[in-house]
Amino acid sequence: MKSVISRRNLITSGVAVAAGAGVAGAASQFGLIPPDCGGIFGPGETLTYAAHRLLTGDSLAREFPREKISPKPFAKGAPPSDELFRSHQASGFSDWKLSVDGMVARPVSLSIAELKKLPVRRQITLFVCEEGWSYIAEWIGVALADVLELAGADLKAKYVVYATPKLQRSRYDSVDMAEALHPQTFVTYGMNASELPIGHGGPLRMRLPRQLGYKNLKYLTAITVTDELSKYGKGRGSSSADGKYSWYAGI
Ligand SMILES: Nc1nc2c(c(=O)[nH]1)N[C@H]1C(S)=C(S)[C@@H](COP(=O)(O)O)O[C@H]1N2
Ligand SMILES: [Mo]
């Protein structure tokens with residue numbers, strides 16, 4: 001365990017950097033400019049992202065003991081009603097694939113069975129929706145870092161985009177490479193000791209316990225490593241940010 005002192009030093013130095021150079025100056029110095037930095041809320045978005053990154057760095061989301069798992073986690077929204085999704089469901093998702101491409105040495109397309117061969121990771125963490133509800137659950141899957149390593153991703157790339165391109169109500173989102181490589185950033189296929197329920201994004205879902213619910217994309221089928229977000233949607237790095245939400249949703 002790191003001592004409280006070192007964390008405090010980290011925070012103090014973060015504050016010093018922020019105060020000394022101004023958060024905006026530090027933001028550009030450290031490349032902490034979010035893709036939704038334009039528009040009237042842009043400066044605020046940059047301030048939040050840069051300040052949060054400088055202050056919290058690689059901190060871990062709190063993990064809970066098993067007895068804290070919520071007995072009835074809330075599953076938001078209906079599962080996809082597409083023909084394609086239903087046919088996958090009918091075949092037990094045996095043909096579900098996760099593609100990994102972009103700035104990678106070896107583009108891959110992985111089945112759930114193949115993902116299950118990678119080291120299994122577990123976390124019992126709080127899931128928080130921006131609408132004000134939350135629950136604690138155990139999430140089981142693989143580290144996104146391990147998936148990126150398998151594909152030989154260029155770790156100097158800026159972003160990892162993740163999406164559901166084949167579904168009718170297609171969504172995409174992205175994180176910076178630091179968040180993608182964070183040890184608690186998982187591609188999950190299990191929840192609370194069973195398969196990931198469809199209501200919670202089964203068969204495959206991105207889990208980022210340091211970010212609000214909407215970044216935790218359900219029905220994941222595609223991952224792309226890239227330096228450039230402008231070609232996705234409206235270029236703000238996320239379907240949510242193309243709407244009214246922030247690209248960075250750190251909690
Ligand atoms: N594909 C997809 N992923 C999604 C959503 C969605 O509508 N579609 N909703 C998001 C929002 S706003 C929240 S709060 C969480 C809800 O996750 P839960 O139903 O497992 O609690 O999923 C997120 N991921
Ligand atoms: Mo949400």
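Ligands are counted one by one from 1 in listed order, and the atoms in each one are counted from 1 as well. Here the structure is a predicted model, which means the values were calculated and not measured.
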Would you mind reporting whether Leu208 and Tyr162 have side-chain heavy atoms less than 4.5 Å apart?
yes
Option from Lys158, Arg207, Arg53 for which salt bridge (charged side-chain N to carboxylate O under 4.0 Å, His left out) with Glu179 holds:
Arg53
Taking only heavy atoms of the protein into account, state which residues are under 4.0 angstrom from an atom of ligand 1, in chain and number order.
Phe74, Ala75, Lys76, Phe127, Cys129, Glu130, Trp133, Tyr135, Arg171, Gly199, His200, Arg205, Gly213, Tyr214, Asn216, Leu217, Lys218, Tyr219
Between Arg210 and Thr56, is there a side-chain donor-acceptor contact under 3.5 Å, judged purely by atom types and distance?
no
Output the rest of the hydrophobic cluster of Trp133: all Ile, Leu, Val, Met, Phe, Trp and Tyr residues reachable through side-chain heavy-atom contacts under 4.5 Å, sorted by chain and number.
Phe74, Phe127, Tyr135, Trp139, Met191, Leu196
Could you tell me if Trp96 and Ser91 have a donor-acceptor pair between their side chains, going purely by distance under 3.5 Å?
no
Only one of Tyr172, Phe85, Tyr219 passes side-chain contact (heavy atoms from CB on, under 4.5 Å) with Thr164, and that residue is Tyr219
